[in-house]
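The chains referred to below are lettered A, B, ... by the order of the sequence lines, with proteins before strands, and numbering in each begins at 1.
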Amino acid sequence: MKLLLKGGRIVNPAEAYDQIADIMIENDRIIEIGKELNAAGAEVFDAQGLVVAPGLIDMHVHLREPGLEAKEDIASGTRAAAAGGFTTIACMPNTKPTVDSAIIVSGIVARAQAEGVVNVKVIGALSKGQEGKELSEIGDMILSGAVAISDDGSSLDNNLLLKTGMEYTSMFDCPVITHAEDGSLVEDGVMHEGAVSAMLGMKGRPAVAEDIAVARDIMLAEYTDSRLHIAHVSSKGAVELIRQAKKRGIKVTAEATPHHLTLTDEAVKTFDTSTKVNPPLRSADHVAAVVEGLHDGTLDAIATDHAPHAFEEKDMEYKQAPSGFTGMETALGVILTELYHTGKFTLLEIIERMSTAPATILGLPAGVLKVGEVADITIFDTDLEWVVDSKTFYTKGKHTPFDKKALKGKAVATIVSGKFVMQKGEVCK
Amino acid sequence: MSKRLISLRGKDILGLETMTVPEIELILKTAEEMKAVIDRDIKKVPTLRGKSIVNLFFEASTRTRTSFELAGKYLGADVVNIAASASSVTKGESLRDTLYTVEAMGVDVIVMRHSAEGAAQYAANVSKPVIVNAGDGAHEHPTQGLLDMFSIKEKKGNLAGLKVAIVGDIFHSRVARSDIWGLAKMGAEVHLAGPKTLMPKDIEQAGVYVHHKVEDALDGADVVNVLRIQRERQHKGLFPSAREYARIFGVNQTRLDLAKPDALIMHPGPMNRGLEISPDIAYGDQSVIQEQVKNGLAVRMAVLFLVLMGGKDIETTA
C-alpha cells in the first residue's frame with residue numbers, strides 16, 4: 001500500500017528544508033522524499049498549494065479520561081486532535097483517579113490504541129493523587145511509557161517535594177513539567193491583576209506569582225541538575241528568567257499557548273467564562289514578551305493546554321466557573337493567522353515550535369520528515385479562511401475564547417502511521 | 001443644543017461604565033420629579049400599574065432591596081422579593097435556571113444582587129426581562145453611583161469640575177467603581193484614598209488620582225465619600241487593626257477641615273461609626289448621608305420608570 005503526497009510545499013524544520021517536493025509513503029513509513037516521484041502503484045494525494053509538515057505535536061492536553069468523561073474522553077479528544085492537525089498529543093495526569101501509577105499509564109495507552117485516532121503519550125503525576133505530599137511511582141510510570149512527570153494544575157508549593165521529584169525523575173532523563181504560579185499569591189484570583197481587574201473588581205492572579213514560581217523552579221532544576229519544562233508561560237518576567245537560565249546552561253525548556261500569544265485580559269471584560277484560564281490572559285506587554293520569547297527561542301514549543309469542561313460547568317458565574325478551555329481545533333488557525341500571516345514567524349519557525357521542538361523535549365522519534373521514519377504528517381492550507389464555530393468541534397468542550405473568530409489557515413489532512421485520520425476537516429473514523 | 005430622543009426603554013442597567021452622559025442626565029432629571037412623589041401624603045401613583053418587578057437577591061441586603069421595593073410600589077408596580085441567599089452553586093440550581101424560572105412567570109424587570117462580578121451581565125445575556133444590577137460583587141452598583149451623583153448635583157448644582165474624594169476600601173467596593181465611571185463621565189475629578197492593600201493595582205489607569213495619605217485626597221475637596229470598612233478584611237490581613245485604620249484613614253473633623261468649608265460628607269451605609277467615619281461629622285451640618293437614602297429611592301423610581309415606560313426629549317449637545 002503506497003501513498004504519494006504530490007507537489008506540496010514540504011516544510012521540515014529539522015533539516016531547514018522548505019521546498020516543493022513529493023513524499024512517498026509505504027505502509028506506515030516514509031520511503032522517499034524528492035522531486036517528481038514516480039506515482040506508479042500509489043494512491044496519489046494532490047498537495048499542490050498545500051503545506052506538508054511533520055505531524056504536529058501538542059504536548060499539553062487534558063484528555064479527562066479516566067473519570068471525567070463528561071468533559072472529554074480519549075475518543076473525542078483524539079478526534080479533536082486529528083481535526084486540528086495533531087498526530088501526537090501528551091495528556092496531563094489530573095484525571096480521576098490521578099495518573100500516578102504504571103497501571104493507569106498502561107491503561108490510557110491501551111485505551112488510546114483501542115479508541116483513539118492519534119498517538120497518545122502519557123504524562124505521569126509527580127505526587128500521589130497530585131496531593132503534593134508523597135512522590136508517585138515515577139520510575140515505574142516512565143518504564144511503562146510515561147514521557148514526562150508533572151503535577152500540572154497545581155504549582156507544588158512544597159519545595160522539598162519538588163526538589164526530590166526533580167532529583168528522582170532526572171535519573172530517567174525525563175523532564176519535570178511545572179505549572180508555575182505561586183499558590184498563596186493566586187489563591188482566589190480569577191484573572192490577571194492589572195488595570196482591567198482593577199475596574200472589574202475581580203481578584204487578581206498577579207504576574208509576579210508566575211515569576212516567583214518560575215524562578216524557584218529554575219533554581220531547583222539548576223541545583224538538582226535535572227530537566228525542567230515550564231508549561232504555558234505567560235508573564236514577561238518568566239520569559240526573562242528562562243532566557244537568563246538558558247544562557248547559564250540550565251536544562252530548561254518552555255512552552256507558550258496560542259491564547260497567551262494572542263489574547264489579552266481585555267477579553268475578560270465580557271465576563272465570558274471562555275476567557276477564564278490559569279495562568280490568566282495578561283496585558284498586552286506580557287503578550288508581546290511571550291511572542292518575543294517564542295521567536296528568539298527562549299520558549300521552545302507551542303502547546304494548547306487543551307482543557308475541556310462540560311457546558312454546565314462553564315455556564316456559571318465567572319468566579320465560580322472552572323479554568324481552562326479547548327484549544328486543539330483552533331491552535332493551528334490561530335497561530336497561522338496571528339503569527340504567520342502577520343509576518344512575525346516563518347513557516348519553518350512555526351512547524352519547529354509545533355512539531356520538532358515538542359518531539360525533542362518529550363524524547364519522541366517524531367517531528368521530522370525522514371526516509372525510514374514513521375509517516376506522521378500534517379497537511380495544511382495557509383490561506384483557507386474559516387470562522388470558528390465551537391458547535392462543530394469534535395471535542396466535548398465547546399468553550400473557547402476564539403469562538404466566532406475569523407481565521408486564515410487550517411489543517412486539511414492528518415496522517416498517522418501512513419493512514420489518513422482526517423481529511424478536509426472530517427475525522428476518518 | 002439640539003433636541004434628541006433618549007430612551008432607556010427595555011435597556012438593561014448593568015453599570016455606569018457602559019452608560020452614556022445623556023442617559024445619566026435623563027435618569028438624574030427624572031429622579032428630580034420622582035423625589036417630589038416621595039413627599040406626598042398619598043405616595044402611590046399608577047404609572048407602573050400592571051408591571052411586575054422581582055427583586056432577586058443572592059446576597060443579604062436591607063437598604064437596597066427595600067429601596068427598590070418601595071420604588072416599584074410607589075409607582076404602582078407589583079414587586080416580589082426573592083432572597084436566594086445562598087449562591088447558585090450551593091443552592092444546587094444554576095443561575096440560568098433561576099432566571100428562566102423568574103422569566104417564565106412573566107416578569108418585566110429583574111433587579112438582581114449577586115456576589116459574583118459579571119453576574120448581571122450574565123443575566124442580561126441569558127434572560128429576556130430587563131436586568132437592573134443592584135450590585136454584582138465588587139464590580140458595579142449603578143443605582144448607588146447614580147444616587148451619589150444626584151446627591152452631589154442637588155447641593156452643588158453640577159458635577160463638572162468638582163473634586164470628589166472617595167476614601168476607604170476601594171478594592172472591595174462596587175460603589176467606588178460605579179462612582180468612578182459616573183463621576184469621570186460627568187467631568188468631576190476623582191481622588192481615591194485608602195491603604196495600599198485595599199487599593200486595586202493600576203487603578204490610576206482609569207483616570208483617577210490615588211493617594212495613601214487621606215489628607216492629600218481631602219485637601220480642597222468639594223465632596224468626601226467615605227466607604228464602609230468591613231471588619232472581615234482585617235481578619236484577612238489587609239490592615240492590622242481597626243484602631244490603626246481609624247487613626248490613619250478615618251475621616252474626622254480635623255481631616256474634614258482640609259476640604260472646602262461647604263464640602264459634602266457622604267457614605268453609602270451601613271456606617272461603622274468611629275472606624276471609617278467619626279459620628280460628629282456623620283451627623284454634622286455637611287452630612288448628606290440621610291438624604292442619600294431618600295435620593296436612592298428617587299433614582300430607583302426613575303430607573304424603573306425609564307426602563308419600563310421609555311424616555312423623553314432632553315437637551316443634549318450632541
Side-chain angles (χ1 to χ4, degrees), chain A residues 70 184-209 211 235-237 264-276 280-286 309-323 399 401 403-404, chain B residues 14-18 58 87-100 112 114-126 133 135-141 169-181 184 192 199-208 210 236-237:
Chain A
S184 68
L185 286 173
V186 299
E187 199 181 1
D188 47 7
V190 297
M191 66 175 294
H192 175 63
E193 182 168 278
V196 179
S197 69
M199 285 312 286
L200 292 182
M202 295 213 275
K203 296 242 169 65
R205 302 176 78 90
V208 71
D211 303 347
S235 76
K236 59 184 170 190
T264 70
D265 56 350
E266 295 280 328
V268 182
K269 283 183 171 177
T270 58
F271 294 108
D272 183 345
T273 58
S274 295
T275 63
K276 186 174 177 185
L281 302 177
R282 299 202 188 274
S283 51
D285 51 332
H286 291 287
H309 293 288
F311 168 82
E312 64 274 19
E313 295 171 317
K314 286 293 257 188
D315 180 41
M316 197 67 75
E317 297 87 328
Y318 200 90
K319 68 164 88 168
Q320 283 153 351
S323 297
H399 284 84
D403 205 14
K404 310 297 175 220
Chain B
L14 303 180
L16 297 190
E17 178 183 5
T18 48
F58 293 87
S87 81
S88 62
V89 168
T90 51
K91 194 178 158 202
E93 186 179 50
S94 70
L95 180 54
R96 180 186 292 269
D97 292 331
T98 304
L99 289 162
Y100 281 0
M112 192 170 105
H114 198 292
S115 62
E117 296 80 24
Q121 176 71 60
Y122 175 89
N125 291 348
V126 306
N133 182 8
D136 62 325
H139 178 224
E140 282 227 45
H141 190 358
D169 179 1
I170 309 295
F171 188 94
H172 298 92
S173 178
R174 50 190 166 220
V175 176
R177 290 184 178 82
S178 284
D179 279 350
I180 289 168
W181 288 120
L192 307 177
M199 190 68 71
K201 193 171 165 55
D202 298 336
I203 197 163
E204 60 279 0
Q205 290 182 34
V208 296
V210 172
K236 285 204 165 177

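- Here OG1 of A:T270 is found 13.5 Å from OH of B:Y122. Values are rounded to the nearest 0.5 Å.
- Counting non-hydrogen atoms of other residues, nucleotides and ligands closer than 6.0 Å to NZ of A:K404 gives a total above 12.
- Across B:I203, B:N125, B:I170, B:V126, the residue that shares the most heavy-atom pairs under 4.5 angstrom with chain A is B:I203.
- Expressed to the nearest 0.5 Å, how far NZ of A:K319 lies from OG of B:S115 amounts to 5.0 Å.
- Within the model, atoms CZ of A:F271 and CG of B:D136 stand 6.0 Å from one another, a figure rounded to the nearest 0.5 Å.
- Atoms CZ and CZ, from B:R96 and A:F311 in turn, are 4.0 Å apart once rounded to the nearest 0.5 Å.
- Summarising the geometry, atom OG belonging to B:S94 is positioned 13.0 Å from atom CD belonging to A:E313; distances are rounded to the nearest 0.5 Å.
- Across B:E117, B:M199, B:E204, B:R174, the residue that shares the most heavy-atom pairs under 4.5 angstrom with chain A is B:E117.
- With a 4.5 Å cut-off on non-hydrogen atoms, B:I180 touches chain A through its side chain but not through its backbone.
- In this structure, CG on B:D202 lies 7.5 Å from NE2 on A:H192, to the nearest 0.5 angstrom.
- Looking at heavy atoms from C-beta onward, A:M199 lies out of side-chain contact with B:E140 at the 4.5 angstrom threshold.
- Only the side chain of B:Q121 comes within contact range of chain A, with heavy atoms under 4.5 Å apart.
- Residue B:R177 touches chain A through both its backbone and its side chain, counting heavy-atom pairs closer than 4.5 Å.
- Of all the heavy atoms in B:A138 and A:G201, the pair that sits closest is CB-O, 3.4 Å.
- Heavy atoms only, all atoms of each residue included: B:F171 and A:K203 are closest at CE2-CE, 4.0 Å.
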